[in-house]
Amino acid sequence: MTARSPAKRVHIKSYGCQMNVYDSERMADVLRPLGYGLTDDPEGADLVVLNTCHIREKATEKVYSELGRIKAMKLRKAESGGEMLIAVAGCVAQAEGAEIIRRQSAVDLVVGPQSYHRLPELIARAHRANGETLAADFEAQAKFDALPVDRGDTGVTAFLTIQEGCDKFCTFCVVPYTRGAEYSRPSGDIEREARVLAERGVREITLLGQNVNAFANDEGGGLAALIRRLARIPGLARIRYTTSHPRDMDDDLIAAHGEVEALMPYLHLPVQSGSDRVLKAMNRSHTTDDYLKTIERVRAARPDIALSGDFIVGFPGETDADFEATMSLVRDVGHASAFSFKYSRRPGTPASAMAGQVAEEVKIERLARLQALLEAQQRAFNADTVGRTVPVLFEKPGRHAGQVVGRSPYLQAVHCPGGLDLIGKIAPVTIKSSAHMSLGGERAMEIA
Ligand code: 5AD
Ligand code: SF4
């Protein structure tokens with residue numbers, strides 16, 4: 001949904017040296033995509049930034065007295081139903097940090113000279129703290145913002161949302177702004193809903209969340225405890241979850257992959273890039289090494305786990321070497337499937353204002369190479385299943401008469417001769433053929 005908000009006004013006051021004047025311009029640049037226009041008058045502004053100087057004690061005191069004056073303006077605005085955010089930037093912010101808010105509680109955010117690119121994030125967080133959602137000018141692009149669309153109501157599989165929103169603020173992503181703060185549903189409600197689905201004949205549930213493994217379980221134990229609880233529901237044979245963040249793959253969740261039979265051996269764990277430099281600029285809060293170690297631990301718990309992920313090519317500043325690092329990471333890991341995107345500049349996100357935007361033709365070329373590699377890996381993964389007998393949960397009739405379609409534990413579509421009576425049942429299928437997106441097989445007597 002596109003929410004057009006009225007233009008907002010920011011007043012930026014610079015103290016001290018030329019460096020601060022330059023930084024103030026950079027702040028105006030990152031705020032412009034959020035819909036902020038500059039104003040000379042702090043009275044009535046939506047955001048007031050004091051870009052401070054710490055060179056002398058007197059300069060610092062000047063900032064506090066100015067803050068007192070601006071606080072009065074903030075109160076006047078609040079009386080008329082408006083909101084003014086006050087930010088302190090520059091060297092005083094660097095030197096005094098949170099002390100500023102202790103001394104002057106009207107200050108909403110403190111931002112050091114190294115963090116101006118995070119102003120959109122900090123503003124969103126300040127709005128959240130005041131109980132407001134950000135009415136910034138984001139066109140929420142369904143592709144990135146929305147949760148996966150329903151696979152169609154087959155009656156056999158269902159999605160169940162357990163968590164919404166995101167607190168991670170990856171610099172390319174609109175979700176933290178459009179979907180707001182992380183919120184987890186109460187476990188009891190989730191279990192009740194899962195039981196109703198199971199009673200209606202649902203055999204497989206996919207737990208959904210923008211950051212599903214950050215699920216805050218009101219009864220303790222995180223996502224793993226929820227999975228263990230749902231696994232006890234009669235009739236519910238399969239549990240999946242998506243989308244996860246590498247930082248939130250805790251020990252218990254990893255252990256659950258080895259212990260809970262209903263938890264399917266498939267993990268969608270986006271890493272986005274294979275370059276630590278790019279990951280840092282993306283504010284991903286993990287390195288490639290963290291990710292690889294997590295994968296290693298998951299594989300130790302569940303050796304046959306099928307791995308999936310998301311990748312972005314052409315993030316601002318991505319060099320040929322950075323991209324090659326992504327290719328090399330992909331080669332090292334091996335994927336059962338994956339999604340890959342050209343970086344797309346989302347107004348209002350920090351990355352949209354970063355220098356070093358990558359040319360479209362470079363992005364196209366990199367995406368083509370990455371997708372060719374990922375497709376080859378998917379084909380290889382599928383080919384590896386040929387000759388094996390795997391349990392298939394049948395979901396719907398196939399395209400041809402006398403054929404049914406289901407999914408393997410690894411989320412591969414499996415076509416198989418058989419009657420409609422199979423739908424909703426799990427039966428062993430020996431895989432006979434494989435392609436990029438699907439497998440063909442025949443019913444077998446037992447799993448081998
Ligand atoms: N440009 C390209 N890809 C993006 N994604 C999110 N935002 C962007 C963007 N601005 C991708 C990420 C994420 C997936 C859901 O969408 O890879 O994991
Ligand atoms: Fe977006 Fe996912 Fe990053 Fe959250 S963790 S900001 S949803 S990419």
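Keep in mind it's a predicted model, so treat the numbers as computed, not measured. The residues of the chain are indexed from 1 along the displayed sequence. Order of listing sets the numbers, starting from 1, for every ligand and every atom in it.
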- prompt: Should E375 and R379 count as an ion pair when the cut-off is N to O under 4.0 Å?
  reply: yes

message: Check D189 with R192, please: is the shortest side-chain N to carboxylate O separation under 4.0 Å?
response: yes

message: Testing R185, R229, R228, R232 one by one against E191 for a salt bridge (charged side-chain N to carboxylate O under 4.0 Å, His left out), which residue passes?
response: R229

query: Is the F169 to H245 ring centre distance short of 6.0 Å?
result: no

message: Please determine whether any non-hydrogen atom of R345 lies less than 4.0 Å from an atom of ligand 1.
response: no

message: Using a plain distance cutoff, I'd like to know if R346 has any nitrogen or oxygen under 3.5 Å from a nitrogen or oxygen of ligand 1.
response: no

task: Go through ligand 2 atom by atom and flag the ones less than 4.0 Å from a non-hydrogen atom of F172.
output: 8 (S)

- request: Assess C173: does it contribute an N, O or S atom lying under 2.8 Å from atom 3 (Fe) of ligand 2?
  value: no

query: Which option out of V313, D310, V271 puts a heavy atom nearest to atom 13 (C) of ligand 1?
result: D310

- line: Exactly one of F381, F311, Y410 clears ring-ring contact (aromatic ring centres under 6.0 Å, His included) with H335, and that residue is F311

Ligand 1-proximal atoms of F172, by part, heavy-atom distance under 4.0 Å: both

- prompt: Considering only heavy atoms of P176, which atoms of ligand 2 have at least one such atom less than 4.0 Å away?
  reply: 6 (S)

message: Working note: E318 + R366, criterion salt bridge (charged side-chain N to carboxylate O under 4.0 Å, His left out); need CA distance, chi angles, decisive distance, verdict.
response: CA-CA 11 Å; E318 185 187 72; R366 288 180 185 168; 2.9 Å; yes

Donor-acceptor pairs under 3.5 angstrom involving side-chain atoms of residues 294-301: please list them, not counting sequence neighbours.
from : atom 1 : to   : atom 2 : distance (Å)
T294 : OG1    : D290 : O      : 2.9
R297 : NH2    : D251 : OD1    : 2.4
R299 : NH1    : V333 : O      : 3.3
R299 : NH2    : V333 : O      : 2.8

- prompt: Would you say the side chain of P246 lies within less than 4.5 Å of the side chain of Q272, judging by non-hydrogen atoms?
  reply: no

- request: Output, in order, the C-alpha distance, side-chain angles, deciding distance and verdict of side-chain hydrogen bond (donor to acceptor under 3.5 Å, both in side chains) for S275 and D322.
  value: CA-CA 5 Å; S275 153; D322 293 322; 2.8 Å; yes

- prompt: Can you tell me if R284 has a non-hydrogen atom under 4.0 Å from ligand 2?
  reply: yes

- prompt: Is atom 4 (Fe) of ligand 2 less than 2.8 Å from at least one N/O/S atom of C166?
  reply: yes

message: I'd like to check which ligand 2 atoms, numbered from 1 as shown, lie under 4.0 Å from a non-hydrogen atom of H245.
response: 5 (S)

task: With heavy atoms under 4.0 Å as the rule, classify the contact between F169 and ligand 2 as side chain, backbone, both or neither.
output: backbone

Ligand-residue contact atoms, ligand 1 with Q272, heavy atoms, under 4.0 Å: 12 (C), 13 (C), 17 (O), 18 (O)

query: Any idea which part of P270 is under 4.0 Å from ligand 2, heavy-atom wise: side chain, backbone, both or neither?
result: neither

message: Does this structure show an ion pair linking E395 with R203, if we count only N-O contacts that are shorter than 4.0 Å?
response: no

- request: Below 4.0 angstrom from a heavy atom of K342, which ligand 1 atoms are there? Numbered from 1 as shown, please.
  value: 1 (N), 2 (C)

message: Using a 4.0 Å cutoff against the non-hydrogen atoms of N211, which atoms of ligand 2 qualify?
response: 4 (Fe), 5 (S)

field: Geometric N/O contact S344 with ligand 1, under 3.5 angstrom
entry: yes

